[in-house]
Amino acid sequence: MARWAQAVLLLLPNLLIAILILTVTYFVAKLVHRVVERLLTRVSPSITLNQLIATIIHVAVLLIGLFFTLEVLQLDKTVTSLLAGVGIIGLALGFAFQDIAANFISGILIAVQRPFTVGDVIQTETYFGTIERINLRTLDLRQVTGELVRVPNRKVFESSVINFTETTQRRVDVPCGVSYNANLEQVRAVVLECMHDFPGMLTQRPLEVMFTEFGESSINFTLRFWIPYRRQTDYVSAKSEAMMRIKRAFDHADISIPFPIRTLDISPELLDKLGRGLGRAPEQQQEQEQQQQ
């Protein structure tokens, strides 16, 4: 018992110093977290990335203080064991949560490179909509139909992404078709005339009517024009207005937009069978009526 008391007395100064180191480390880590976060806001606009870096530095300062505390308490072997344990646990967690780690790293790369920001209209391989939030693990995408989709950052980072907000202009393509007996020069002139005073159309960009193919029942063409683009409603409204103008102009110029036509070839033998079958039907009906009478 006396030996235990003597050991405690000998350890007491080191214990007090260890407590002091832990206390100072806690307040220093908290101060460093605030300072780093304030400095990063001047350099990086990504709040999520700034908080992540500040948190990592905060944890690093706490770990340094913890290791110094163990050194003061002469627990060198404990420090070595902790480092080895952290390494093994980190390796195991890396294999177990590799998808989460991949999304996390992809989120950091997206925050650093900034290929898109909140409010941009993008299209991935599966989804199309407006970005509402960029997290370190997922990207919140509001689709044009109203659904909120949380896309994993790894899929966004590894796949092709179209950013429609990157430029402030977008081309509108309106496909249409006319009958084969239509005068194509007249068709082109009528379409160009109906788009003469189109609201919001960029006049410095070309207005084009391109005939594309000989279809099954029509000669197809595409009207192409450019508009200022800020949101998806601009594109949809412009395309709808152009379609109404084309239909109105074609009705006025007596140009028809044909329906799909299907031609059926029937062999003479089948026609003969159908004719004989139709000829027998009235006779059979009369025989049945006579039997009933």
Side-chain angles (χ1 to χ4, degrees), residues 11-122 130-142 148-158 161 163 165-166:
L11 188 62
L12 187 59
N14 291 343
L15 184 61
L16 293 176
I17 295 174
I19 295 174
L20 179 62
I21 292 175
L22 282 178
T23 305
V24 172
T25 301
Y26 172 78
F27 288 104
V28 169
K30 199 171 182 180
L31 178 63
V32 169
H33 185 278
R34 293 179 182 176
V35 172
V36 170
E37 193 170 2
R38 290 179 182 176
L39 292 176
L40 288 176
T41 53
R42 302 177 183 177
V43 179
S44 173
S46 176
I47 299 176
T48 305
L49 182 61
N50 297 342
Q51 292 178 349
L52 173 65
I53 296 175
T55 302
I56 292 175
I57 295 176
H58 176 84
V59 174
V61 173
L62 289 177
L63 289 176
I64 292 173
L66 178 61
F67 291 149
F68 273 113
T69 302
L70 294 175
E71 286 286 346
V72 170
L73 294 176
Q74 298 179 358
L75 299 175
D76 300 342
K77 294 182 179 180
T78 305
V79 175
T80 305
S81 302
L82 284 175
L83 291 176
V86 169
I88 295 173
I89 293 174
L91 185 62
L93 291 177
F95 281 108
F97 302 101
Q98 55 183 342
D99 291 337
I100 297 177
N103 290 324
F104 186 77
I105 295 174
S106 299
I108 294 175
L109 294 176
I110 290 173
V112 173
Q113 296 180 359
R114 299 187 66 205
F116 38 74
T117 59
V118 175
D120 286 358
V121 179
I122 66 170
T130 304
I131 300 175
E132 288 195 350
R133 189 177 181 184
I134 301 175
N135 302 314
L136 288 176
R137 196 178 67 85
T138 60
L139 183 144
D140 293 350
L141 192 67
R142 179 73 65 179
L148 180 65
V149 182
R150 291 184 174 175
V151 187
N153 286 332
R154 180 175 62 87
K155 292 185 177 181
V156 178
F157 188 76
E158 293 178 353
V161 177
N163 190 344
T165 317
E166 185 68 22

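Numbers here simply count residues along the sequence, with the first being 1.
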>> My understanding is that only residues two or more places apart in sequence, or in another chain, count here; which of them pass side chain to side chain donor-acceptor pair (under 3.5 Å) with Glu158?
In response: none
> Under a 4.5 Å cut-off applied to non-hydrogen side-chain atoms, are Ile134 and Phe116 in contact?
Replying inline: yes
> At their closest point, which heavy atom of Thr165 faces which heavy atom of Asn163, and how far apart are they?
Replying inline: N-OD1, 3.0 Å
> Shortest non-hydrogen contact from Ile110 to Pro115?
Replying inline: O-CD, 3.6 Å
>> Taking side chain to side chain contact (heavy atoms under 4.5 Å, CB included) as the definition, give me every residue that meets it alongside Ile19, ordered by chain and number, with sequence neighbours left out.
In response: Leu15, Thr23
>> I need the minimum non-hydrogen distance between Val161 and Val156, along with the two atoms involved.
In response: CG2-O, 3.5 Å
>> Let me confirm one number: the CG-OG1 distance from Asn153 to Thr138, rounded to the nearest 0.5 Å.
In response: 6.5 Å
>> Can you tell me how far apart CZ (Arg150) and CZ (Arg133) are? Round to the nearest 0.5 Å.
In response: 8.0 Å
> Below 4.5 Å, heavy atoms only, C-beta onward: do Ile131 and Thr117 meet side chain to side chain?
Replying inline: no
> Does CZ belonging to Arg142 count more than 12 external heavy atoms closer than 6.0 Å?
Replying inline: yes
> With Ile21, which residues qualify under side chain to side chain contact (heavy atoms under 4.5 Å, CB included), at least two apart?
Replying inline: Ile17, Thr25, Phe68, Thr69, Val72
> His33: what forms a side chain to side chain contact (heavy atoms under 4.5 Å, CB included) with it, not counting sequence neighbours?
Replying inline: Glu37, Ala54, Thr55, His58
> Looking at residues at least two apart in the chain, or sitting in another chain, which of them share a side chain to side chain contact (heavy atoms under 4.5 Å, CB included) with Leu109?
Replying inline: Ile105, Phe157
> Nearest 0.5 Å, what's the CZ-CG distance between Arg154 and Leu139?
Replying inline: 14.5 Å
> With sequence neighbours excluded, what pairs up with Arg34 under the side chain to side chain donor-acceptor pair (under 3.5 Å) test?
Replying inline: none
